[in-house]
Amino acid sequence: MSKLRPPQRRPITLTDIARGCGVSRATVSLVLRESPLVRDETRAKVKAELRRQNYIYNRAAANLRRQTSSTIALVLNDLANPFFAEFASGVDDHLTEAGYVTLLGQSNELLERERRLTQSLLEHAPAALIISPVEAPEEQALLEQLSSQLPMLLFNREPAEVTDRRWDLLQFDNHRGAYLATRHLLEQGHRQLAFYGGLRHQRPHRERLAGFSQALQEAGLAFDSRLYIECQPRRTLAAEHACRLFADDLQPTGAVCYNDVVALGLMAGLKALGRQPGVDFALTGFDDISEAAICSPALSTVQTRPRECGRQAAIMVLERLAQPAHASARYVSPVADLEFDR
């Protein structure tokens, strides 16, 4: 004996909502589009009926009818890093206020994954793309292809050889941030300093390393290449590499870390080696993620205000959508207000 299937409920329509609250179908449509032409009392009545009938707005169909899009795609490198999570939150906060929906994905620093992800996001026809791209030799071709299809903002990374920029760019003053961090440790009397973490093929890493090297040079100190520790910017790997700082009878007293995640990992690695961060060994981070202020000891770090920077990225994208013909914009977010006195 075959089982009887329960009858499938038909989708709720605008006509159902209009009939339920005694207004026209056009009025319901205006409410869904947040039109200012609807009185507050009527708007509240329609929204109550929408909730009562569990109406689900088909945004894709509405966008298709109007030939517009109310979504923005956001592709970041590593959402396990609190910095990127805080940046994404800032982007989403501002886009939501402006009536947009954020489509979020992460590349995990893999070019092929980024290629598949962006292609999938483009199938949803977003109005624009915010991306912190993977750094690989083939990346520029992919970015040029993407920028020919929709407005695009690059965050903190850009191919080295760019002759015709077709995108907007938001980045940090990586050089100055690392320079100030190094100066901070030098002013505390440290002379044997390491640059710790990150990968040399990535542009922010090279810019921060350059700022570190400049501060040493101005202080009349040579950069000992043995104290350049390269590793993936992940907490566990940074902890595992801590022993390399003291190999070959090296005795550094401090380190400028690529970012806060690396610094927190190094702190754990130092403790495993019987060394007390902040007492036996000084270090600085870069990003000022929330955890930097509450770890023990609190981490001295270059402040980048990632949530505010996310809002700035959203503002730039919305400005581009409003003025698509304007020349490409380039904004360098300052790294002042350093949190070095915790």
request  = Apply salt bridge (charged side-chain N to carboxylate O under 4.0 Å, His left out) to the pair E308 and R311, showing each step before the final yes or no.
outcome  = CA-CA 5 Å; E308 292 179 28; R311 293 182 69 89; over 6 Å; no
query = Using 4.0 Å as the upper bound for N to carboxylate O, is an ion pair formed by R330 and E158?
reply = yes
task = Would you kindly say whether E319 and H326 are connected by a side-chain donor-acceptor distance under 3.5 Å?
result = no
ask   = When rounded to the nearest 0.5 angstrom, what distance separates CZ in R200 from CD in E135?
value = 14.0 Å
request  = Please check if the side chain of N108 supplies one atom and the backbone of L110 the other of a donor-acceptor pair under 3.5 Å.
outcome  = no
query = Do F83 and D260 come within less than 4.5 Å of each other through their side chains, counting heavy atoms only?
reply = no
ask   = Hey, mind stepping through F223 and F195 against ring pair (Phe, Tyr, Trp, His ring centres under 6.0 Å) and telling me if it holds?
value = CA-CA 9 Å; F223 178 23; F195 187 86; 7.6 Å; no
task = Evaluate the criterion side chain to side chain contact (heavy atoms under 4.5 Å, CB included) for residue pair L321 and I72; output intermediate values, then yes/no.
result = CA-CA 11 Å; L321 292 175; I72 304 289; 4.0 Å; yes
request  = Before accepting this row, confirm whether a basic side-chain N of the pair E187/R183 lies closer than 4.0 Å to the acidic partner's carboxylate O.
outcome  = yes
ask   = Looking only at atom types and distance, does a side-chain atom of D287 sit under 3.5 Å from a main-chain N or O of I289, one as donor and one as acceptor?
value = no
query = Parallel, tilted or perpendicular: which describes the rings of F87 and F155, with under 30° parallel and over 60° perpendicular?
reply = parallel
task = Without swapping roles, check the side chain of S89 against the backbone of A85 for a donor-acceptor pair under 3.5 Å.
result = no
request  = List the atom of R25, the atom of A18, and the distance in Å for their closest heavy-atom pair.
outcome  = N-CB, 3.7 Å
request  = Compute whether any side-chain donor of one residue and acceptor of the other, for N156 and S132, lie under 3.5 angstrom apart.
outcome  = no
Backbone of A178 reached by a side-chain donor or acceptor of R208 within 3.5 Å = no
note = Closest heavy-atom pair, P133 versus N77, reported as atoms and distance to 0.1 Å, is O-ND2, 3.6 Å
inquiry  = With a 3.5 Å distance limit and no angle check, can you tell me whether E114 reaches the backbone of V134 through a side-chain donor-acceptor pair?
reply    = yes
request  = Provide the closest heavy-atom pair for V302 versus G177 in the form atom of the first, atom of the second, distance.
outcome  = CG2-O, 3.4 Å
ask   = So, for R191 and L186, which heavy atoms are closest and what is the spacing to 0.1 Å?
value = NH1-O, 3.1 Å
Interatomic spacing from CZ in F84 to CG in L79 - rounded to 0.5 Å = 8.5 Å
query = Is the ring centre of Y228 less than 6.0 Å from the ring centre of H205?
reply = yes
request  = Just do the side chain to side chain contact (heavy atoms under 4.5 Å, CB included) check on L185 and Q188 with the steps written out, would you?
outcome  = CA-CA 5 Å; L185 294 180; Q188 291 186 337; 3.9 Å; yes
